[in-house]
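Start at 1 and go down the list; that is how both ligands and their atoms are numbered. Atom set for the values below is all heavy atoms of this structure, side chains included, hydrogens, waters and symmetry mates excluded. Please read all numbers here as calculations on a predicted model, not as lab measurements.
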Amino acid sequence: MCGIIAYVGRQQALPILINGLKRLEYRGYDSAGVAVMNPNLTIYKKKGKVINLEEHALNNKIDSTIGMGHTRWATHGEPCDRNSHPHLSNKKDLAIIHNGIIENYATLKQELLSKGHVFESDTDSEVLIHFIEDIQENLGCALEEAVRIALTRVTGAYAIVVMSQKNPDMLIAARKSSPLIVGVGKDEFFLASDATPIIQYTKQVVYLKDYEVAVIKNGKLTITDLQNNIHDAYIKELDIELAAIEKGNFEHYMLKEIFEQPKTILDCLRGRLLAEEGKVRLGGLREYIDQLCNAKRIIIIACGTSLNAGMVARYLFQEICRIPVEVEYASEFRYGSPVVRDGDVVIAISQSGETADTLVAIEKAKEMGAIILGICNVVGSSIPRASHAGVYTHAGAEIGVASTKAFTAQLTVLYLIALQVAKEKGTLDNDRFRLLLNELDKIPAKVQTILDNSYLTQSLASLYLDAQNMIYLGRGYNFPIALEGALKIKEISYIHAEGYPAAEMKHGPIALIDEEMPVVFIATKDHTYEKIVSNIQEVKARKGKVIAIVTEGDEMVKSLADHVFEIPETDEILTPLLSVIPLQLFAYYTGVLRGCNVDQPRNLAKSVTVE
Ligand code: F6R
């Protein structure tokens with residue numbers, strides 16, 4: 001969604017803001033803007049990428065040691081200069097940047113219009129700063145008090161920073177359901193949506209909680225709630241290095257992140273998979289493992305790629321733990337009159353830990369008495385905080401907007417959980433348990449083998465550049481991988497693609513098949529292999545072009561398909577960790593060859609903090 005950065009201290013603010021916005025750009029790239037004191041409250045904003053703003057702002061001589069910046073993913077109002085943040089109040093002496101949605105903005109706007117306020121944008125955020133100004137004028141109170149009062153009257157989600165002409169060294173920030181952290185340096189403070197823009201300056205951070213207001217004034221940070229009760233500022237140390245958020249020698253973050261997977265899977269397994277001892281140890285679940293083992297049902301809620309990981313987990317938990325599993329789009333769960341019964345456990349999966357749809361679904365499930373276990377990548381984010389317990393995926397910062405390494409890390413955690421539960425429940429015999437542990441242990445090296453052959457996916461991509469549509473088909477554990485392959489190609493290359501269970505093809509999608517239609521089969525050696533070979537034959541009989549992901553040494557599919565990509569053999573259950581890799585690479589190279597911005601695909605944002 002939108003990205004926020006603000007600074008107050010002794011350094012020049014503008015370079016910190018511009019660099020920060022470049023790091024945050026993955027959160028939204030419709031427009032960017034900054035506010036500084038130069039010496040008056042001055043705003044520079046531009047539609048499009050941060051680079052446009054940089055050229056625009058740097059043409060001016062700016063001398064300011066305080067400022068705030070915003071990169072936008074449009075919700076209210078088209079992307080244009082006028083709708084870019086920061087927004088000014090009616091008297092132009094207050095400015096705001098905002099991430100989230102003010103749901104009752106239309107009512108507030110009507111109220112303010114009747115009082116003579118004039119609005120320059122179509123945004124809900126501009127309404128909020130006018131509202132704050134109106135409260136301050138009416139009550140004659142301090143700005144921070146006006147902010148607190150305004151926030152008790154708005155509904156929706158917000159992370160905001162406010163600057164004031166009359167208080168030129170003050171920043172006021174607040175959050176509800178949108179992330180915001182305070183970076184604490186020596187004689188300086190930062191505010192940011194996530195750690196990426198501030199780790200080069202400080203690793204000391206305070207995670208603001210919902211309904212907290214932070215005021216930075218005279219070199220001092222004060223945190224209160226909306227009723228002005230003082231809260232302690234708990235400083236935490238960030239566990240992330242600058243190199244982890246840089247591209248290094250890779251052309252794109254997405255490629256870097258795909259290639260990091262042997263390491264990220266290993267990091268995820270480290271200390272948890274004890275292959276020699278024949279054990280799985282997940283500290284984060286210790287207190288809830290009994291509930292999980294005794295669960296009558298597991299409900300998995302997530303969105304997008306995280307949902308696809310959840311769909312793999314359905315097969316897994318049902319097969320090896322014998323627990324019924326339902327997988328729900330988080331956005332549909334909340335409003336679908338869910339039935340949560342005693343003994344149900346909800347697993348929420350999210351890379352960012354900030355996805356609004358997932359958070360709202362968690363709240364609903366919690367209200368209904370469910371135990372929530374979170375599987376998240378971003379430490380300290382909202383979903384782990386809203387969960388009773390959980391497991392971090394430890395994939396490191398994922399900057400490419402299309403999720404890759406976070407997906408395989410989510411799968412890895414799900415395998416570990418399922419194995420531990422199966423062992424404790426006794427639904428998996430000891431030999432099979434040991435075998436799966438050993439196989440899981442070998443996965444990072446096998447992923448590396450696939451990456452070593454990435455050039456094959458590049459040449460394949462060059463053959464299908466002009467495709468208008470694609471179909472991805474798989475069965476069992478590979479069905480969610482077909483969904484994930486189709487999602488990746490859609491996001492990255494803008495080729496329309498659909499993922500289906502391979503057997504379902506004959507119930508409709510087969511009508512689409514002709515000589516123009518590439519069909520990607522995930523046809524590894526498993527218990528449905530013969531059936532999927534028949535499905536390949538059905539496509540070939542209709543002159544479709546078949547690209548198949550197969551197990552090393554497969555001759556049968558090779559003789560039928562137009563192209564094959566071999567992956568190392570592993571246990572059928574673990575195949576998704578390998579079969580998804582060539583599909584990620586294929587999407588990446590197709591996008592690059594089609595001239596798409598693969599790290600920042602159009603209309604997308606890395607973390608979607610609105611419903
Ligand atoms: C796809 C992608 C999205 C996310 C989805 C959920 O490549 O990145 O579909 O998977 O928005 O995000 P998280 O996992 O952060 O909750």
Engineer: For atom 2 (C) of ligand 1, what's the nearest protein heavy-atom neighbour? Residue, atom name and distance, please.
Structural biologist: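 Atom 2 (C) of ligand 1 sits closest to the protein heavy atom Glu491 OE2, 3.7 Å.
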Engineer: Among protein heavy atoms, which sits nearest to atom 11 (O) of ligand 1, and what does the distance come to when rounded to 0.1 Å?
Structural biologist: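 Result: Val608 CG2, 4.3 Å.
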Engineer: Run Tyr464 and His563 through ring-ring contact (aromatic ring centres under 6.0 Å, His included) and show every step you take.
Structural biologist: CA-CA 11 Å; Tyr464 290 96; His563 316 274; 5.4 Å; yes
Engineer: What do you reckon, does Lys488 put a non-hydrogen atom under 4.0 Å from ligand 1?
Structural biologist: yes
Engineer: Quick check with a 6.0 Å cut-off and a 45 degree axis cone: is Lys176 positioned over the face of Tyr211's six-membered ring?
Structural biologist: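 Output no; distance or angle outside limits.
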Engineer: Would you call Lys405 and Glu398 a salt bridge, taking side-chain N to carboxylate O under 4.0 Å as the test?
Structural biologist: no
Engineer: Counting heavy atoms only, name the option from Ala309, Cys303, Ser306 that's nearest to atom 5 (C) of ligand 1.
Structural biologist: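 Among Ala309, Cys303, Ser306, the closest heavy atom to atom 5 (C) of ligand 1 belongs to Cys303.
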Engineer: Salt-bridge test for Asp30 and Lys47: reply yes if a basic N is under 4.0 Å from a carboxylate O, no otherwise.
Structural biologist: no
Engineer: Using a plain distance cutoff, I'd like to know if Thr305 has any nitrogen or oxygen under 3.5 Å from a nitrogen or oxygen of ligand 1.
Structural biologist: yes
Engineer: So is Val401 close enough to ligand 1, meaning a heavy atom under 4.0 angstrom away?
Structural biologist: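 Yes, Val401 has heavy atoms under 4.0 Å from ligand 1.
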Engineer: Should you measure from each heavy atom of Gln351, which atoms of ligand 1 turn up under 4.0 Å away?
Structural biologist: 13 (P), 14 (O), 15 (O), 16 (O)
Engineer: Run the salt-bridge test on Arg475 and Glu504 with the 4.0 Å N-O cut-off and return the result as yes or no.
Structural biologist: no
Engineer: Backbone or side chain, does any N or O of Thr358 fall under 3.5 Å from an N or O of ligand 1?
Structural biologist: no
Engineer: Which residue owns the protein heavy atom closest to atom 12 (O) of ligand 1, what's the atom, and how far is it?
Structural biologist: Thr355 OG1, 3.4 Å
Engineer: Looking at Arg385 and Glu354, does any basic side-chain N land under 4.0 Å from a carboxylate oxygen?
Structural biologist: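 Salt bridge absent between Arg385 and Glu354.
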Engineer: Do the rings of Tyr315 and Tyr477 sit parallel, tilted or perpendicular, given the 30° and 60° boundaries?
Structural biologist: tilted
